[in-house]
Protein chains: 2
Amino acid sequence: MRFVVIGGDAAGMSAASKVKRKDKELEVVVLEQTEDVSYSACGMPYSIGDPQRDMEGLVVRPPQVFREKQGIDLRTRHRVERIDRDRRTVAGTDLDGGRDFEISYDKLLIATGASPAVPPIPGADLPGVMSLKRLEHGRRVKTYLASHDVKRAVIVGLGYIGLEMAEALRGLDIGVTLIEATDEPLPWLSRDLAEVVMSELREQGATVHVGRPVEAIEAIGQRFRVRSGDLELAADLVLTSTGVRPNSELAAEAGLELSVGRSIATDRRTRTSDESISAAGDCADAYHVVTGRKTWIPLALRANRAGWAAADNVLGRPTELEGVAGTMVVKVFDLEVARTGLTVREARDEGFEPVEQTIENRSRAHGHPGATTIHVSMVGDKKRGRLLGAQMVGREGAAHRINAAAVALHAGMTVDRFSEMDLAYAPPFGPVWDPLLTAANVLQKKL
Amino acid sequence: MRFVVIGGDAAGMSAASKVKRKDKELEVVVLEQTEDVSYSACGMPYSIGDPQRDMEGLVVRPPQVFREKQGIDLRTRHRVERIDRDRRTVAGTDLDGGRDFEISYDKLLIATGASPAVPPIPGADLPGVMSLKRLEHGRRVKTYLASHDVKRAVIVGLGYIGLEMAEALRGLDIGVTLIEATDEPLPWLSRDLAEVVMSELREQGATVHVGRPVEAIEAIGQRFRVRSGDLELAADLVLTSTGVRPNSELAAEAGLELSVGRSIATDRRTRTSDESISAAGDCADAYHVVTGRKTWIPLALRANRAGWAAADNVLGRPTELEGVAGTMVVKVFDLEVARTGLTVREARDEGFEPVEQTIENRSRAHGHPGATTIHVSMVGDKKRGRLLGAQMVGREGAAHRINAAAVALHAGMTVDRFSEMDLAYAPPFGPVWDPLLTAANVLQKKL
């Protein structure tokens with residue numbers, strides 16, 4: 001039996017490795033269009049921000065390890081262009097040889113990931129206007145910074161990567177301006193918490209414009225001009241961070257069913273509408289644990305996990321994947337910004353009757369020095385009392401705390417029940433009542 | 001109606017405040033034998049460790065606020081010596097006036113807390129041999145340190161307070177020796193994790209002796225000699241940290257039912273075997289969420305929570321208290337040491353068939369600078385796959401992470417299910433697979 005994987009990033013390599021680990025006899029072919037597999041894409045802003053660090057340090061396992069030690073037939077620089085479901089083949093171009101290839105499969109995994117969703121702005125394709133998703137993008141930005149005298153950067157969009165790059169570039173003493181098209185920046189946070197993040201950006205010396213759609217990016221010699229109405233921003237480097245879109249074109253052309261945001265529709269076992277074909281990672285949809293409905297939240301942990309589940313299918317011991325809670329954390333300068341579950345708006349769109357409560361709390365106990373403010377927003381459903389989501393922002397104690405709320409979402413807890421959890425306390429780490437518990441205690445009274 | 005509370009610490013003042021907040025007409029009398037109510041007892045080691053800080057900074061609300069702003073009849077320096085259940089009275093001594101008092105109650109709350117369980121060592125009652133539980137103890141230690149030239153301290157026992165005091169005293173450049181009677185220090189951690197903590201103590205310059213029961217503490221002028229067989233330790237200060245015992249004598253003498261470790265037996269509504277009398281806080285037992293059986297784990301959050309529940313009873317709107325998971329965290333020098341649920345030994349004693357898995361993981365993502373080791377021990381039940389407990393030790397990322405496992409224990413999750421949780425990831429805060437997930441993934445294979 002031959003298992004073919006399209007895409008050698010988190011989901012694809014997790015699947016390939018697990019299959020080969022469990023069954024050495026099974027033929028596993030991975031087709032990856034870039035040169036890179038198995039790297040920490042999320043680490044790129046931090047590598048870029050530190051000239052002492054080499055981008056290659058983000059590589060977890062180089063291709064030859066997969067080939068030689070794990071026996072995976074890993075073919076980098078192989079771009080897949082067609083899936084023929086009737087003949088069970090994939091075909092494309094070997095970018096090094098420039099030759100076409102075709103290979104048959106018994107089981108296929110589409111793990112094509114996502115790509116930056118750059119809006120159709122004139123000039124967005126200029127060299128020096130870059131986004132950050134794959135390792136090759138990271139190398140490009142790092143090389144650009146090393147070879148150009150970059151004094152000012154403009155970041156278009158307030159995506160996670162944009163927020164992280166603002167910190168990275170400020171650390172390199174580069175002036176940073178962020179420009180966001182919509183009036184409501186960071187819609188994945190409550191308004192109060194978004195305001196805390198915006199203040200941090202400004203306090204750290206970044207300039208932020210909101211409600212300013214970029215109309216054009218113009219090259220002026222080695223520099224750029226980013227235009228939005230009467231606003232003109234000069235820059236030596238332009239980064240776009242306007243979200244990502246799933247790489248689902250191959251799947252769509254093969255007639256596979258699509259889902260939320262044009263992600264590839266999968267069942268709980270990662271199978272697409274063709275049961276010989278799985279999809280996993282940033283290109284695939286998932287069930288949301290709060291709504292029970294389909295969602296598309298491309299995050300690294302899910303990609304790894306779905307890769308394993310796809311492998312289980314191939315190995316003939318299917319496992320059902322738990323849904324996602326959309327738990328994430330991002331560092332924005334000195335802030336830990338975390339969320340899980342639904343925002344009040346998302347909850348309303350999903351038919352809940354959401355109530356939101358925002359509280360401020362201390363990161364350490366009463367009287368303990370060094371305490372900073374922790375902001376918590378919690379969302380519950382007035383109809384059934386259920387916990388729907390939580391968000392936290394703070395200089396310490398937000399990143400890992402959010403996980404307690406995430407587990408509560410998986411367990412389908414009410415706000416009332418969550419308020420009863422026995423959480424840890426010691427003066428250096430928080431107040432007696434954990435900020436999440438205080439938020440739950442207050443929210444409960446509104447439900 | 002008159003509600004009388006014995007003990008003005010966390011549980012007692014929480015109950016008194018809540019009752020008065022909800023029903024101004026209800027008469028609330030609190031009888032507290034010391035001068036202090038409402039303070040952060042857990043903060044004492046940190047206050048002692050910092051000569052710039054005043055112990056009074058730990059007071060959250062001084063007595064007059066409860067009296068004047070909240071209308072609570074708070075009587076400090078009132079020691080209760082008898083409960084007469086037939087006549088519904090409590091009686092004792094007003095320590096300031098030296099007079100006896102007697103007061104009748106309609107509802108009574110026993111919130112007498114716990115006391116240091118100092119073993120009967122000759123010399124344990126010498127001045128300069130101290131323990132740390134109430135604020136008056138903290139003042140005593142702080143004053144002693146300020147007025148004596150303390151160069152060496154011996155800490156008898158490896159209780160939480162002893163571990164915290166080791167850090168506090170080392171920070172004051174005082175030599176610290178810890179001496180523990182049993183062969184297995186820190187039995188609330190797996191052996192591997194206990195070893196990590198012991199190494200940290202030693203690396204930070206503390207000397208640790210285990211398997212050394214102290215036979216005597218002798219005064220030699222202003223100094224002390226702590227003896228255990230052929231081991232003789234000189235000290236300017238001796239602290240005992242050998243655990244606590246519940247202050248249940250009053251309850252026992254009144255014929256109330258006792259429970260685990262001689263704590264006061266309570267139902268889920270905090271009621272003792274006399275339904276006019278509740279007990280809450282460190283003196284009372286609780287149900288354990290993992291075993292469903294009675295346990296005695298005196299911790300601050302539970303005391304506050306049980307105080308509220310006792311208030312609800314008085315207010316005629318009884319609420320059932322959720323059980324405890326025994327979640328706790330303690331800072332040991334640069335280590336965050338956290339646990340929730342059962343250790344493998346506790347689990348075995350409770351009739352489970354426990355399997356333990358210890359893993360090491362990184363506190364930050366692959367390639368991210370500044371990563372340190374996170375140690376996780378996880379315990380699951382071979383019979384039913386259930387998650388029974390988890391412990392974590394690390395220089396960062398342990399204190400708040402433990403809460404995710406705590407919520408899973410409340411939800412009665414299996415290890416398998418816990419391994420499916422959608423937890424947060426970003427490179428500065430951990431690996432893609434949270435250390436708890438990795439522990440669950442590995443443990444699952446053993447179950």
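Within every chain, numbering begins at 1; the chains are lettered A, B, ... in the order of the sequence lines, protein sequences first and strands thereafter. As the structure is a prediction and not an experimental result, all values here were calculated from the model.
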Interchain contact, B/Arg364 with chain A, by part (heavy-atom threshold 4.5 Å): neither
B/His366 side chain vs A/Val59 backbone, donor-acceptor pair below 3.5 Å: yes
Any donor-acceptor N/O pair, A/Asp422 side chain to B/Val324 backbone, under 3.5 Å: no
Residue among A/Ala405, A/Ala303, A/Ala10, A/Ala300 with most heavy-atom pairs under 4.5 Å to chain B: A/Ala300
Residue part contacting chain A, namely of B/Ser47, when any heavy atom lies under 4.5 Å: neither
Residue part contacting chain A, namely of B/Ile402, when any heavy atom lies under 4.5 Å: side chain
Check: B/Ser419 side chain, B/Asn441 main-chain N or O, donor-acceptor pair, under 3.5 Å: no
Contact class of A/Phe418 relative to chain B, heavy atoms under 4.5 angstrom: side chain
Side chains of B/Thr340 and B/Leu409 in contact at under 4.5 Å (non-hydrogen atoms): yes
Side-chain (A/Tyr425) to main-chain (A/Gly430) donor-acceptor, under 3.5 angstrom: no
Geometric cation-pi criterion, B/Arg53 with B/Tyr46: 6.0 Å, 45°: no
Interchain contact, B/Met421 with chain A, by part (heavy-atom threshold 4.5 Å): both
B/His410 and B/Glu322: side chain donor to acceptor below 3.5 Å: yes
Residue part contacting chain B, namely of A/Arg417, when any heavy atom lies under 4.5 Å: side chain
Side chain, backbone, both or neither of B/Tyr160 within contact of chain A (heavy atoms, under 4.5 Å): neither
Electrostatic pair B/Asp312-B/Lys22, nearest N-O below 4.0 angstrom: no
Pairs of heavy atoms under 4.5 Å with chain B: top-ranked of A/Gly43, A/Pro428, A/Ser40: A/Pro428
Ion pair check, A/Asp416 and A/Lys445, cut-off under 4.0 Å: no
Test: B/Glu320 and B/Arg269 ion pair at under 4.0 Å: no
Which atoms of B/Ala408 approach chain A - backbone, side chain, both or neither, heavy atom under 4.5 Å: both
Residue-level interface, residues 392-401 of chain A with chain B, non-hydrogen cut-off under 4.5 Å: A/Gly397, A/Ala399, A/His400, A/Arg401
Chain B contact via A/Glu56 - which portion, at a heavy-atom distance below 4.5 Å: neither
B/Lys331 NZ/CZ over A/Phe429 ring centroid, <6.0 Å and within 45° of normal: no
Choice from A/Ala404, A/Ala426, A/Gly326 maximising heavy atom contacts with chain B below 4.5 Å: A/Ala404
Heavy-atom check, side chain of A/Asp9 versus side chain of A/Asp282, under 4.5 Å: no
